[in-house]
Amino acid sequence: MAEKKKSSGSSSHGAAGPPHPEPKPITLEQFVSKTLPLIQMEKDAEIAASVGSLSTLKPETAEKKGLTLLNLKCSDVQTGLFGKTLLELKPNRGELLPPHKMTPHDVVMLKLNKSDSGSPPLGQGVVYRVKDGSIAIAVDDVPEDGLNSPLRLEKLANEVTYKRLMETLTELSKGVNKGPATELVPVLFGAQQPTVAKKQLSFTPINRGLDHSQRAAIAKALISNSVMLLHGPPGTGKTTTVVELILQEVKRESKVLVCAASNIAVDNIVERLACHKIMMVRLGHPARLLPQVLDSALDAKVMKADNSALANDVRKEMKVISSKLLKAKDKKTRGDLRRELKSLTKEEKQRQQQAVADVIKDSAVICTTLTGALSSQLKQTTFDVVIIDEAAQALEVACWIALLKGRRCILAGDHLQLPPTVQSVEAEKKGLGITLFGRLAALYGDQITAMLTVQYRMNELIMGWSSKELYNNKIEAHESVKDHTLCDLDGVTSSSATDPTLILIDTAGCDLDEVKDEADSTMNEGEAKVAIAHARRLLESGIKAGDIGIITPYNAQVGVLRLMRSGDKKLTEIEISSVDGFQGREKEAIIISMVRSNEKKEVGFLSDNRRMNVAVTRARRQCVIICDTETVYSNAFLKRLGKYFEENGEYLSAMEYLT
Ligand SMILES: Nc1ncnc2c1ncn2[C@@H]1O[C@H](COP(=O)(O)OP(=O)(O)OP(=O)(O)O)[C@@H](O)[C@H]1O
């Protein structure tokens with residue numbers, strides 16, 4: 001993948017660090033007219049990057065671009081995901097899949113390996129699980145034949161999302177004069193001021209362990225009449241706070257819509273709400289949900305509903321009539337049976353719809369992705385409050401899908417971490433990446449914002465750089481993590497690899513230059529070797545492979561690193577990912593390969609303070625940066641980062657790992 005463009009994004013009110021243009025106030029009309037063409041551009045860019053180009057590309061070229069996987073075999077067929085079937089696909093040659101861009105939840109097409117681009121597929125499905133050596137897809141129907149032949153998998157553009165975004169813009173363009181959000185909309189466009197309830201409100205937390213900033217944030221959310229921003233820097237318990245907030249809203253009998261841009265973010269909340277006895281349902285395709293939340297899925301709840309049981313009885317009756325119809329000879333009997341079948345089909349459909357409607361009506365909390373909020377199942381439902389998690393990673397227009405359904409809203413996120421990915425360079429330049437969270441932070445600032453300030457992840461030294469650079473030194477490390485080190489972990493011995501909390505490994509003067517791959521992404525084999533060598537030293541000192549993450553901003557470098565560790569079983573459990581793909585996650589030890597090393601001293605999108613903020617703050621007990629200081633110190637922000645590591649940690653030359 002070409003490197004992710006630097007987003008125009010948003011800036012924090014009062015935050016330090018390299019500036020991003022402050023989002024300007026915008027009216028509803030301006031927002032709609034600005035966004036409509038940008039969504040079209042983004043759709044075109046996505047289609048061009050996937051199915052659009054597939055029809056014109058040779059399969060081998062499409063595979064090199066990561067859009068197609070060739071020559072696969074079906075190694076397993078499993079049923080049980082609410083009527084869906086899981087097909088596991090492995091490479092026919094070798095053990096590893098080549099680098100590709102298919103990720104869970106993508107829509108894909110399964111074809112015979114040799115078929116031409118226009119030929120019909122064996123089936124369409126959703127990517128369920130991706131491993132280094134296999135990919136599992138969920139399909140509605142198992143292909144009748146072809147599964148024993150060599151197969152090919154093609155990524156499709158997701159057009160439903162764009163259709164929903166367009167529909168929402170059209171809805172907004174009519175002006176919002178009726179519906180639950182009538183009073184909210186003018187506030188979100190700065191035409192009216194946000195207000196708070198006059199009465200002081202005290203609440204009894206269900207989670208007794210909440211810290212002072214989490215309690216203050218919940219109090220602020222509960223008294224807000226329109227909008228509140230819950231600003232959660234890394235590791236500060238944003239999800240913990242969102243969960244408590246949902247429980248408090250349920251306690252005061254609100255109907256709550258909980259959304260996020262990604263399925264995984266929605267599932268994280270569902271998982272943490274599941275132990276509380278609340279009426280909750282998760283909407284969405286079962287293949288897109290984590291297995292541990294399937295009990296809360298709409299399909300699971302509907303199956304248990306009375307109307308669903310009745311619909312099943314009707315279906316049985318329909319089967320009997322269908323077989324009678326096959327045998328019936330005279331015209332009148334056939335006509336009668338057909339009429340009966342038609343009325344039963346109608347009844348079955350009504351009962352199914354009623355079962356779904358009952359589940360939705362009885363649920364106090366409905367959880368779904370932002371685009372899922374436009375599903376027909378929610379058409380008639382309105383909410384007292386809409387809570388959007390990871391709002392700083394969602395397109396503003398996607399947030400509007402959910403917002404139009406509620407009277408109040410609470411947006412949780414951190415606009416100082418990575419914004420949503422925008423594929424179209426032009427759409428991004430014109431502001432598609434500006435988030436509602438960032439826009440409102442700029443518009444109202446502290447008036448509607450509560451920031452969480454105690455973090456529960458990082459050793460204080462790891463946190464220090466991020467707190468100073470991005471959060472005005474407001475973050476404090478909780479006692480439980482403040483001084484924790486790798487050596488405190490069971491079975492870990494003290495060594496030069498495990499003792500330091502911060503390490504900077506400098507490749508300057510080691511001739512470890514970057515190169516471009518065919519898709520124009522940058523990689524650096526020498527740096528990858530150093531990263532793997534440090535990981536090995538950690539393993540030798542007793543760190544578990546699963547506690548180590550190697551992350552890098554460049555997708556090509558992810559491929560290089562994965563290939564390099566593939567022959568060694570000890571390294572299999574180490575997680576290797578792009579920085580963007582690792583947002584929201586953490587590991588005891590994080591190794592960051594910065595990749596850039598060139599004569600021109602170009603640093604590309606490394607200079608985005610939000611990307612480096614995400615990278616460094618994934619680490620709990622050790623953070624290692626591998627970089628060429630001669631190249632990356634050409635950028636003032638990266639130089640401050642490197643100097644912080646040099647001053648507060650170990651400075652090593654990559655030579656020590658290469659000899
Ligand atoms: N008040 C608290 N007391 C003790 N531990 C807490 C508290 N709040 C959160 N934590 C712990 O901090 C960790 C991070 O919490 P959570 O998952 O809610 O964070 P987050 O802010 O959503 O994370 P991210 O940085 O990925 O956005 C969890 O292990 C959680 O148990």
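Just so you know, ligand 1 is whichever comes first in the structure, and atom 1 is the first atom listed for that ligand. In this text the structure is predicted, and so the values were computed from the model without any measurement. Just the heavy atoms: all of them, side chains too, but no hydrogens, waters or symmetry mates, feed the values below.
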S.K.: Considering only protein heavy atoms, which is closest to atom 27 (O) of ligand 1, and at what distance to one decimal place?
M.R.: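 Ranked first by proximity to atom 27 (O) of ligand 1 is Lys238 CE, 3.8 Å.
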S.K.: Is atom 31 (O) of ligand 1 close to the protein, meaning a heavy atom under 4.0 Å from it?
M.R.: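 Under the 4.0 Å cut-off, atom 31 (O) of ligand 1 has no protein heavy-atom neighbours at all.
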S.K.: For atom 11 (C) of ligand 1, is the nearest protein heavy atom closer than 4.0 Å?
M.R.: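 Under 4.0 Å from atom 11 (C) of ligand 1, at least one protein heavy atom found.
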S.K.: I'd like to know whether NZ of Lys220 has more than 12 heavy-atom contacts from other residues, nucleotides or ligands below 6.0 angstrom.
M.R.: yes
S.K.: If you look only at distance, which donor and acceptor atoms sit under 3.5 Å apart when one is on a side chain in residues 250-258 and the other is two or more places apart or in another chain?
M.R.:
| residue | atom | partner | partner atom | Å |
| --- | --- | --- | --- | --- |
| Lys251 | NZ | Thr204 | O | 3.3 |
| Arg252 | NE | Glu249 | OE1 | 3.2 |
| Arg252 | NH1 | Leu222 | O | 3.2 |
| Arg252 | NH2 | Leu222 | O | 3.1 |
| Arg252 | NH2 | Glu249 | OE2 | 3.3 |
| Ser254 | OG | Glu249 | O | 3.3 |
| Ser254 | OG | Glu249 | OE1 | 2.8 |
| Lys255 | NZ | Ile360 | O | 2.8 |
| Lys255 | NZ | Lys361 | O | 3.2 |
| Lys255 | NZ | Ser363 | O | 2.8 |

S.K.: Please list, in number order, the atoms of ligand 1 under 4.0 Å from a heavy atom of Thr236.
M.R.: 21 (O)
S.K.: Which of the atoms of ligand 1 are close to Pro234, meaning less than 4.0 Å from one of its heavy atoms?
M.R.: 25 (O)
S.K.: Record the part of Thr239 in heavy-atom contact with ligand 1 below 4.0 Å; permitted values are side chain, backbone, both and neither.
M.R.: both
S.K.: Considering only protein heavy atoms, which is closest to atom 9 (C) of ligand 1, and at what distance to one decimal place?
M.R.: Thr240 OG1, 3.4 Å
S.K.: Quick one: side-chain contact (heavy atoms from CB on, under 4.5 Å) partners of Val126, sequence neighbours excluded?
M.R.: His285, Ala287, Arg288
S.K.: Among protein heavy atoms, which lies nearest atom 5 (N) of ligand 1, and at what distance?
M.R.: Tyr456 CD2, 3.3 Å
S.K.: Is it the side chain (CB and beyond), the backbone, both or neither of Arg457 that lies under 4.0 Å from ligand 1, heavy atoms counted?
M.R.: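 It is the side chain that touches ligand 1; the backbone stays farther off.
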